[in-house]
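On a predicted model such as this, the values are computed, not experimentally measured, just so you know. Residue numbers start from 1 in every chain, and the chains themselves are labelled A, B, ... in the order their sequence lines are given, proteins ahead of strands.
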Protein chains: 2
Amino acid sequence: MDTSSVLDLNQLRRSCASCALHELCLPAGIDGEDLKRLDATIRDKRTLDRGEALFRQGGQFHALYVVRSGSLRTFVEDASGNSQVLGFHLPGELVGVDALANDHHASQAEALERSSICELPYEHLNHLLAQMPSLQRQLMRVVSREVAAEHQHMVVMGRQPAQERMAIFLRSLSDRFARLHRDGSTLNLSMSRYDIASYLGLAVETVSRLFTRMEEAGILEVSRKAVTILRPDLLEAMCSSPRTGSKKGGAL
Amino acid sequence: MDTSSVLDLNQLRRSCASCALHELCLPAGIDGEDLKRLDATIRDKRTLDRGEALFRQGGQFHALYVVRSGSLRTFVEDASGNSQVLGFHLPGELVGVDALANDHHASQAEALERSSICELPYEHLNHLLAQMPSLQRQLMRVVSREVAAEHQHMVVMGRQPAQERMAIFLRSLSDRFARLHRDGSTLNLSMSRYDIASYLGLAVETVSRLFTRMEEAGILEVSRKAVTILRPDLLEAMCSSPRTGSKKGGAL
DNA sequence: CCGTGGCCTTGACCGACGTCAATCCGGTTG
DNA sequence: CAACCGGATTGACGTCGGTCAAGGCCACGG
């Protein structure tokens with residue numbers, strides 16, 4: 001596959017060193033010779049079209065993936081075909097970790113738009129991890145970050161009313177856009193309202209209503225998938241329920 | 001046991017090799033010399049009393065922990081002092097992973113009963129990981145299992161009605177008890193109803209009502225913290241909402 | 001022995017949000 | 001262009017489960 005000289009479209013990428021995501025991605029903090037070796041194990045996955053699956057639930061595990069451009073959604077389907085969206089993944093983010101446990105993907109990943117993906121074959125990666133403690137450390141850090149983010153999401157699902165969920169969701173998206181050096185106030189929601197609803201544990205109708213209500217309140221401008229945050233301050237305020245304070249001195 | 005003769009209460013443990021949890025725990029699949037080296041890095045944490053904290057949110061990270069006996073709860077507290085329970089941890093289970101991301105604990109862990117804990121100082125562990133690929137693999141597997149479990153919990157929080165949540169919670173506890181070679185049908189709930197409610201995203205009152213309802217239905221026998229599963233089949237059936245079927249052929 | 005305090009249970013009420021259903025909008029196809 | 005279709009919006013209505021409030025139970029300490 002690789003040894004030969006005819007690299008058709010692989011030309012486009014190659015080398016984490018020159019990648020804009022370098023510092024946000026798995027290779028953060030890895031330099032020089034080590035980076036070259038990491039680079040060498042990364043294989044391009046063909047670009048995914050909107051709706052195309054990166055891996056399927058129950059499928060054999062053989063690699064971890066990092067989003068290079070575009071975006072993914074991960075979700076699980078229960079026995080009755082109901083699906084729950086677990087998360088949305090922007091460039092630089094790692095997916096596929098839940099498959100390491102038993103060599104089979106426990107969830108499913110799908111492109112929300114045309115996306116390109118870096119593939120890290122696990123066997124190769126393992127060799128590298130054994131030889132590069134720094135990479136090992138960094139991988140654990142990335143996974144840990146993911147776990148912490150999921151914990152945050154549990155707080156949202158467990159305790160927050162609908163409006164706060166939406167606000168927190170939008171803030172989180174905005175923050176992640178900003179970290180990618182994009183404009184954090186003009187969001188392009190690549191996912192459907194259904195996806196958002198599922199992710200937040202709400203009904204689509206509720207999501208829709210909240211968008212309009214937040215637009216009426218002058219916080220957002222919503223046009224289909226393009227959302228502009230007009231009043232970040234109000235959005236921020238909306239993230240914590242006003243009525244949920246400590247017993248005494250809540251208002252101080 | 002071996003080296004010296006004056007080991008006060010360390011006598012009680014030492015050596016993963018002789019630990020009943022061996023195969024369920026981090027050292028699963030690690031043998032011989034490697035196991036000895038892992039063993040050497042594990043430091044006993046003093047036993048925790050009920051309510052005592054293992055680590056606090058925001059605290060400096062320096063070790064991962066494995067429950068040896070007893071049980072823990074992990075939770076996060078938001079700005080207003082509200083707390084969300086993230087999980088309950090039985091013997092053999094790893095806690096503290098969410099702190100690797102930025103060297104500070106993002107959550108808090110507390111003993112639900114008198115518990116003993118194995119402490120894995122992260123610096124030591126890191127050295128070992130660099131030298132033992134098998135341990136590195138196993139650690140990733142354990143963490144991956146944790147991630148997958150959290151995904152399952154998101155399905156519960158996102159889509160399931162109260163009764164299903166309770167049933168799934170009890171089934172999961174039962175399964176985990178059974179894996180520890182305990183009787184999976186006589187549960188000892190070391191956590192309070194408040195903890196259960198928080199974990200499941202319900203009100204305490206709802207949890208209470210569900211216990212009585214399930215007792216009336218002959219599924220459980222509930223006496224304070226002692227819960228006996230009388231009809232595992234009915235409990236199992238209760239785990240998936242009856243009205244949630246695929247569009248065609250649901251009943252077949 | 002009784003009182004005190006946490007946890008748990010039970011009941012009555014009500015509101016946020018899910019469900020159902022109609023409509024709209026934008027993009028795609030013939 | 002019209003027809004169509006999936007996604008999104010909007011409104012009307014019902015309900016699950018949260019909230020509030022009043023006890024009950026058990027363990028503890030005086």
Side-chain angles (χ1 to χ4, degrees), chain A residues 49-51 73 82-85 110 112-113 156-167 169 187-217 220-227 238 241-245 247, chain B residues 49-51 73 82-85 110 112-113 156-167 169 187-217 220-227 238 241-245 247:
Chain A
D49 279 329
R50 164 175 239 270
R73 67 191 248 261
N82 271 335
S83 81
Q84 166 70 38
V85 171
E110 209 174 274
L112 288 167
E113 58 193 311
V156 172
M157 299 282 266
R159 215 125 297 279
Q160 306 292 347
Q163 182 170 282
E164 281 73 1
R165 297 191 195 197
M166 274 293 287
F169 167 67
L187 309 180
N188 185 8
L189 305 182
S190 54
M191 70 294 290
S192 73
R193 305 287 138 116
Y194 287 87
D195 291 331
I196 298 173
S198 170
Y199 177 64
L200 297 177
L202 301 173
V204 211
E205 293 88 335
T206 305
V207 170
S208 192
R209 279 188 257 267
L210 284 171
F211 269 127
T212 43
R213 215 183 299 164
M214 289 168 88
E215 187 164 33
E216 283 164 4
L220 303 178
E221 188 180 299
V222 183
S223 165
R224 211 66 180 163
K225 298 197 165 291
V227 170
M238 201 177 260
S241 345
R243 281 272 157 261
T244 310
K247 11 205 131 174
Chain B
D49 279 329
R50 165 176 239 267
R73 67 192 249 261
N82 271 334
S83 81
Q84 167 70 38
V85 171
E110 208 175 275
L112 288 167
E113 58 193 312
V156 172
M157 300 281 267
R159 215 126 296 279
Q160 305 292 347
Q163 182 169 283
E164 281 73 3
R165 297 191 193 197
M166 273 293 287
F169 166 67
L187 309 180
N188 186 7
L189 304 183
S190 54
M191 69 294 289
S192 74
R193 306 286 138 116
Y194 288 87
D195 291 331
I196 299 174
S198 170
Y199 177 63
L200 296 177
L202 301 173
V204 210
E205 293 90 332
T206 306
V207 170
S208 191
R209 279 189 257 268
L210 284 171
F211 269 127
T212 44
R213 215 182 299 162
M214 288 168 90
E215 187 163 32
E216 282 164 5
L220 302 178
E221 188 179 298
V222 183
S223 164
R224 210 69 179 160
K225 298 198 164 292
V227 170
M238 200 176 261
S241 346
R243 281 270 156 261
T244 310
K247 13 207 126 171

Once you round it to whole Å, what is the distance between P of D/dG18 and CG of B/N82? 14 Å

Could you give the CG-to-C1' distance, from B/L210 to D/dG18, as a whole number of Å? 13 Å

What is the distance, rounded to the nearest whole Å, between atom CD of B/Q160 and atom P of D/dG17? 11 Å

Scan nucleotides 20-27 of chain D against the protein and return all N/O pairs shorter than 3.5 Å with their distances rounded to 0.1 Å.
residue, atom, partner, partner atom, Å
D/dC20, N4, B/E205, OE2, 3.1

Would B/K225 and B/M191 count as a side chain to side chain contact (heavy atoms under 4.5 Å, CB included) if you check the C-alpha gap in whole Å, the side-chain angles of each, and the deciding distance to 0.1 Å? CA-CA 8 Å; B/K225 298 198 164 292; B/M191 69 294 289; 6.0 Å; no

So do A/V227 and A/E221 actually touch side chain to side chain, heavy atoms under 4.5 Å? no

Going through the checks in order, is the side chain to side chain contact (heavy atoms under 4.5 Å, CB included) test met by A/E110 and A/R50? CA-CA 8 Å; A/E110 209 174 274; A/R50 164 175 239 270; over 6 Å; no

Look up atom CG in A/L220 and atom OG in A/S223, then write down how far apart they are to the nearest 0.5 Å. 12.5 Å

Residues 204-213 of chain A side chain polar contacts: donor-acceptor under 3.5 Å, at least two apart:
residue, atom, partner, partner atom, Å
A/T212, OG1, A/S208, O, 3.3
A/T212, OG1, A/R209, O, 2.7

Tell me which residues in residues 194-204 of chain A put a heavy atom below 4.0 Å from DNA chain C, sorted by number, or none. A/G201, A/L202, A/A203

Does any part of the side chain of A/L200, heavy atoms only, come nearer than 4.5 Å to the side chain of A/M166, both counted from C-beta? yes

Between B/M238 and B/M214, does the side chain to side chain contact (heavy atoms under 4.5 Å, CB included) criterion hold? Intermediate values first, please. CA-CA 10 Å; B/M238 200 176 261; B/M214 288 168 90; 3.6 Å; yes

Restricting to pairs with a member in residues 188-198 of chain B, which pass salt bridge (charged side-chain N to carboxylate O under 4.0 Å, His left out), not counting sequence neighbours? B/R73-B/D195

Taking any atom under 4.0 angstrom from a heavy atom of chain A, which nucleotides of DNA chain C are the first and last to qualify, 5' to 3'? C/dC17 to C/dA21

What's the separation between atom CE in B/M157 and atom CG in B/L202, rounded to the nearest 0.5 Å? 8.5 Å

Just to be sure I understand the rule, does B/S192 reach a base, reach only the sugar-phosphate, or reach nothing, if contact means heavy atoms closer than 4.0 Å? sugar-phosphate

Under the 3.5 angstrom rule, does the side chain of B/E215 hit a backbone N or O of B/V222 as a donor-acceptor pair? yes

Side-chain contact test, heavy atoms from C-beta onward, threshold under 4.5 Å: evaluate it for A/R159 versus B/S198 and give yes or no. yes

Bend across the helix from C/dC1-D/dG30 to C/dG30-D/dC1, to 10°, with axes taken over 5 pairs at each end? 30°

Heavy atoms only: give me the nearest A/A203-A/A197 pair and the separation to one decimal. C-CB, 3.8 Å

Interatomic spacing from CD in B/Q160 to CZ in B/F169 - rounded to 0.5 Å: 15.5 Å

